[in-house]
2 protein chains.
Amino acid sequence: MGQGVEWALHCCTLLALVPPDQTLPAARLAEYHGVPPAYLAKHLQAMAQAGIVESTAGRKGGYRLARPASEITLIDVIDAVEGGEPAFRCTEIRRRGPAHGVAADYKAPCGIHRAMTRADDAWRAELASTTIADLLRELSMSVSPVAIRKAAGWFQEALR
Amino acid sequence: MGQGVEWALHCCTLLALVPPDQTLPAARLAEYHGVPPAYLAKHLQAMAQAGIVESTAGRKGGYRLARPASEITLIDVIDAVEGGEPAFRCTEIRRRGPAHGVAADYKAPCGIHRAMTRADDAWRAELASTTIADLLRELSMSVSPVAIRKAAGWFQEALR
DNA sequence: GTCCCTATACTCGGATAGCAAGTGTCCGAGTATAGGCGG
DNA sequence: CCGCCTATACTCGGACACTTGCTATCCGAGTATAGGGAC
């Protein structure tokens, strides 16, 4: 899995704190997380195309969540950044080689393919059960007050 | 996910049909599945190192399952071929940037890390619930009789 | 004082290099076998 | 006829090129703003 997924998820938790009528530029997001700005922008573009975040151009422009944080699941973000294709790709090697049968025999997917699909579904279901809002709730209870104040101060500067 | 996983799993189902006192060379396994022999050998080596298959050198040598097919799960094979590292790697970017706190604040893993671990665990649990024996049982009920005869004929030749 | 216009500075967006990991291949070390030889 | 020895052919195992996709970066198109000027 690519590194961009981690960055995108952290960015979403930060964007969830932005008031609906304001935005946060990609450069500020990169600065906050200490990651390369240009590369982070690439992943933000992918999230914008997927309809997870909205972009505003021009001066005082930037990014903002496209819908409430409670309606954005982790799998939504991952699919946007990684492309949404399953990890396992069945190439139907059972049809090749000296013992292959006729095409009709291979109408149903093989057991390996099915097992992999079940595992992938379980993975996606678990990630679909957590939203950005859940992450924020968890953060608000675990982060120390001094860190919250520090972040709040930076936030005031960044939104300017 | 690499292509070798699919090959390795199909090879295991075939190796499960090998009598305990006989072996099947890597070249025959590659021939049966129509895949590059040298590259398949690489993955078979990984499975041998993980203790899933046993290798016998010399003439009449080859591969064989190291333990009963009912005691080999899909996650065992995947870990052997892919290395067993989780897909998501937390780089602790929360500790970087202008709003970082002291080291003690970050003792517990962050919510994103935990959610990813839960999803990975669900994926692994699903794959651990299926064994090579299960795949064989499923195959025996779905494959057409003519294909079984064809494969059996090839098998007689290959084991020679 | 109010409205409009223009220059500006800042934003996103896609097109462009670099690198690591998966992919594919090869040849050498080692061994059980098969045949021949001697007893 | 039986046992032993040697040459052989076949096996696995690790070391060596190549390609695809992730990583990283840059510059251009577009726009809301801020200031100045005209009324």
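This one's a predicted model, so the numbers in the text were calculated from it and none came from an experiment. As a basis for the values below, the full set of heavy atoms in this structure was taken, side chains included, without hydrogen atoms, waters or symmetry mates. Note on naming: letters A, B, ... go to the chains in the order of the sequence lines (proteins, then strands), and numbering restarts at 1 for each one.
- A:Arg118 has no carboxylate O lying under 4.0 Å from a charged side-chain N of A:Asp121, or vice versa, which leaves the two without a salt bridge.
- As a whole-Å value, the separation of B:Leu159 CG from D:dC10 P is 17 Å.
- Taking atom CZ on B:Arg59 and atom C1' on C:dA34, their separation rounds to 6 Å, with Å as the unit.
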**OP:** Could you encode protein contacts along nucleotides 13-23 of chain D as a string, one character per nucleotide from 5' to 3', using B for base contact, S for sugar-phosphate-only contact and - for no contact, with a heavy-atom cut-off of under 4.0 Å?
**Re:** BB--------B

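- Looking at residues 13-34 of chain A, you'll see that no heavy atom sits under 4.0 Å from any atom of DNA chain D.
- With sequence neighbours excluded, the residues satisfying side-chain contact (heavy atoms from CB on, under 4.5 Å) with B:Ala26 are B:Leu44, B:Tyr63.
- Separating the CD atom of B:Glu85 from the C1' atom of C:dA21 is a distance of 12 Å, rounded to the nearest angstrom.
- Counting only distance, with no hydrogens or angles, the side chain of A:Tyr106 and the backbone of A:Gly101 share a donor-acceptor pair below 3.5 Å.
- Residue-to-nucleotide proximity on DNA chain C shows that, of A:Gly61 and B:Trp7, the 5′-proximal contact is made by A:Gly61.
- Side chain of B:Thr23 to backbone of B:Arg64: no donor-acceptor contact under 3.5 angstrom is found.
- Side-chain atoms of A:Asp120 and A:Thr117 form no donor-acceptor pair, as typed in the model, at a separation below 3.5 Å.
- Under the 3.5 Å distance criterion, the side-chain polar atoms of A:Arg89 are left unmatched by any main-chain donor or acceptor of B:Gln3.
- In this structure, the side chain of B:Arg67 engages the main chain of B:Gly51 through a donor-acceptor pair within 3.5 Å.
- Formation of a donor-acceptor pair under 3.5 Å by the B:Arg114 side chain with backbone atoms of B:Pro109 is found in this model.
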